[in-house]
Colleague: 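Just dropping this structure here.
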Protein chains: 2
Amino acid sequence: MPRAGLDPAAVVAAAAALADETGPAGVTMGLVAERLGVRTPSLYKHIDSLADLNHGIAALAMAEAADAIRDAVAGLSGRDALAAMCRAFRDYVLKHPGRYAATTGATATGPGDPLALAGERVIGSMAAVLRGYRIEPDQMNHALRTLRSLLHGFATLQAANGFQWDADQEVSFTWLIDFAHRGLMSMSPDSPS
Amino acid sequence: MPRAGLDPAAVVAAAAALADETGPAGVTMGLVAERLGVRTPSLYKHIDSLADLNHGIAALAMAEAADAIRDAVAGLSGRDALAAMCRAFRDYVLKHPGRYAATTGATATGPGDPLALAGERVIGSMAAVLRGYRIEPDQMNHALRTLRSLLHGFATLQAANGFQWDADQEVSFTWLIDFAHRGLMSMSPDSPS
DNA sequence: CAAGGTTGGCTAATACGATTAGCTTTAAGC
DNA sequence: GCTTAAAGCTAATCGTATTAGCCAACCTTG
C-alpha cells in the first residue's frame with residue numbers, strides 16, 4: 001500500500017475545502033479521509049481530533065483573511081484603504097463561508113496559538129487603516145472592535161443568508177462602507193459632538 | 001409511569017436553558033431528556049429532530065430578543081432610542097449566549113416560520129429607531145442591515161470571548177453606540193458628503 | 001547495500017449520540 | 001365505563017468519532 005504523503009497542513013486544507021462546499025457541519029472525518037484517498041483512522045496520525053481539525057480550519061481561514069486584507073490595503077490610505085479592507089474581508093468570507101464559519105466558536109488556546117497570531121495580523125491591518133483617521137490613541141481599541149464587529153457581522157449574516165429581503169446586498173455593503181467612513185471621520189477629536 | 005406533561009415549547013425551553021449553560025454543542029437529546037425527567041426517545045413525540053430543536057431554540061431566542069428591544073425603546077426616540085436598543089440587544093445575547101448562537105446558521109423555512117416572524121419584529125423595532133434619523137426611505141434597508149450587522153457582530157464576538165485584549169468592553173460598546181449615532185446622523189440627505 | 005527503527009497506513013473494535021419500531025399505559029371525551 | 005389518540009417506555013439500528021494493535025514503507029546509519 002503506497003503512502004499518501006499527508007501532513008497536518010494537507011489534512012486541514014482538505015477539510016477547509018470540504019467546509020466551503022458542504023458547510024461546517026459537513027466536515028466529517030469520513031468525508032475528509034475519503035477526499036484524501038485514505039481511511040478514516042489514518043487522519044489521527046496528523047490531527048488530534050475533530051475539534052483540533054476545526055481549530056486548524058479556523059486558523060487557516062484567519063490567516064488567509066489576514067493575507068487578503070494586507071494585500072488589499074497595500075499602497076492605499078484613508079477612505080480608499082477602508083473600502084478596500086472592507087471589501088477584501090467580505091469577499092474572502094463569501095468565497096470561503098465554511099472555513100470562516102469555523103472561526104465563530106473557535107477560541108485561541110494561548111498567545112502562541114496560530115489562530116491568535118492570525119487574528120493579530122487582521123487587527124494589525126485594521127489598525128493601519130484606522131491610522132488614516134484622526135482617532136485618539138486611547139480610543140483605537142474601541143474603534144478596532146467596532147470595525148471588526150461591523151465586518152464580522154455583515155459577512156457572517158450574508159454568508160448565512162441571514163438577510164431575508166432582497167435589496168441588493170452589494171449596494172448595502174457600499175452603504176455600510178460609507179457609513180463607517182463617516183462615523184470614523186466624526187470620531188476625530190475636533191469633530192462636533 | 002406518570003406523564004411528564006411535556007409539549008414542544010417545554011422541550012425547546014429546556015434545550016435553550018441547556019444551551020446557555022453548556023454552549024450550543026452541549027445540547028444533546030440525552031441531556032435535554034434527562035433534564036426533563038424523561039427518556040431520550042420520548043422527545044420525538046414533541047420535536048422532529050435535533051435540527052428541529054435547534055431551529056426552535058433560534059426562534060425562541062429571536063422572539064425574546066425582539067421583546068427585549070421593543071420594551072427597551074418604548075417611549076424613547078433619537079439617540080436615546082438607539083442606545084437603549086443597542087444595549088438591550090447586547091445584554092440579551094450576553095445573558096443567553098447559547099440560545100442566541102443557535103440563530104447563527106439557522107435559516108427560516110419560509111415566510112410563516114416563527115423564526116422569520118421574530119426576525120421581522122427585531123427589524124421592525126430597529127426601523128422605528130432609525131425613523132428618528134433622517135434616512136432616505138430607499139436607504140432604510142441598507143441602514144437596517146448595517147445596524148444589524150454591527151450589533152450581531154459585536155454581541156457574538158463578545159459572547160464568544162473573541163476580543164483578546166482587555167480594554168473594558170463596556171467602554172468599547174459605548175464608543176460603538178456613539179459611532180453608530182454619528183454615522184447615522186451623517187447619512188441624512190442634507191449632510192455634507 | 002543491509003539492518004533497524006520510526007512513521008503512516010490499515011483493519012477491527014469500542015463508545016456514544018440520533019433516530020426508528022413497536023409496545024403499553026395514561027387520560028380525555030363520549 | 002369504553003374507545004382512542006397521545007405520551008411514555010424498551011430495544012434495536014445506524015452513523016460517526018476515537019482507540020488498539022498490526023504491518024508495510026521509508027529513512028537512517030553502518
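We name chains A, B, ... by the order of the sequence lines, and we start the count at 1 in each one.
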Colleague: Give S49(B) one of three labels, base, sugar-phosphate or nothing, depending on what nucleic acid heavy atoms sit under 4.0 Å from its own.
Modeller: sugar-phosphate
Colleague: Atom CG of L53(B) and atom P of dG17(C): how far apart are they, to the nearest Å?
Modeller: 15 Å
Colleague: Do the side-chain N or O atoms of T28(A) get closer than 4.0 angstrom to the phosphate oxygens (OP1, OP2) of dA17(D)?
Modeller: yes
Colleague: How long is the line joining CD1 of I47(A) and C1' of dT19(D), in whole Å?
Modeller: 14 Å
Colleague: With distance as the sole criterion, is a donor-acceptor pair present between the side chains of R145(A) and S172(B) under 3.5 Å?
Modeller: yes
Colleague: So which nucleotide from dA7(D), dT18(D), dG9(C) ends up closest to the side chain of L50(A)?
Modeller: dT18(D)
Colleague: Please pick, from dG8(C), dT10(D), dT19(D), the nucleotide with the shortest atom-to-atom distance to any side-chain atom of P41(B).
Modeller: dT10(D)
Colleague: How long is the line joining CG of L43(B) and P of dG8(D), in whole Å?
Modeller: 9 Å
Colleague: Please list all pairs meeting ring-ring contact (aromatic ring centres under 6.0 Å, His included) that have one or both residues in residues 98-133 of chain B, counting only residues at least two apart or in different chains.
Modeller: F89(B)-Y100(B), Y100(B)-H152(B), Y133(B)-H181(B)
Colleague: Send over the distance from Y44(B) OH to dT19(C) C1', rounded to a whole Å.
Modeller: 5 Å
Colleague: Tell me whether the OP1 or OP2 atom of dT7(C) has a side-chain N or O from H46(A) closer than 4.0 Å.
Modeller: no
Colleague: Write out all pairs satisfying side chain to side chain donor-acceptor pair (under 3.5 Å) with one or both partners inside residues 73-91 of chain B, taking only residues at least two apart or from two chains.
Modeller: R79(B)-D178(B), R87(B)-E170(B), R87(B)-T174(B), R90(B)-Q158(B), R90(B)-E170(B)
Colleague: What is the separation between atom CZ on R39(B) and atom P on dT24(C), rounded to the nearest whole Å?
Modeller: 18 Å
Colleague: Below 30° counts as parallel, above 60° as perpendicular, anything between as tilted: where do the rings of Y92(A) and H96(A) land?
Modeller: tilted
Colleague: How long is the line joining CG of D7(A) and C1' of dC26(D), in whole Å?
Modeller: 16 Å
Colleague: Grab the CG-C1' distance between L6(B) and dT26(C) for me, whole Å please.
Modeller: 14 Å
Colleague: Distance check: side-chain N/O of S42(B) vs OP1/OP2 of dA7(D), anything under 4.0 Å?
Modeller: no
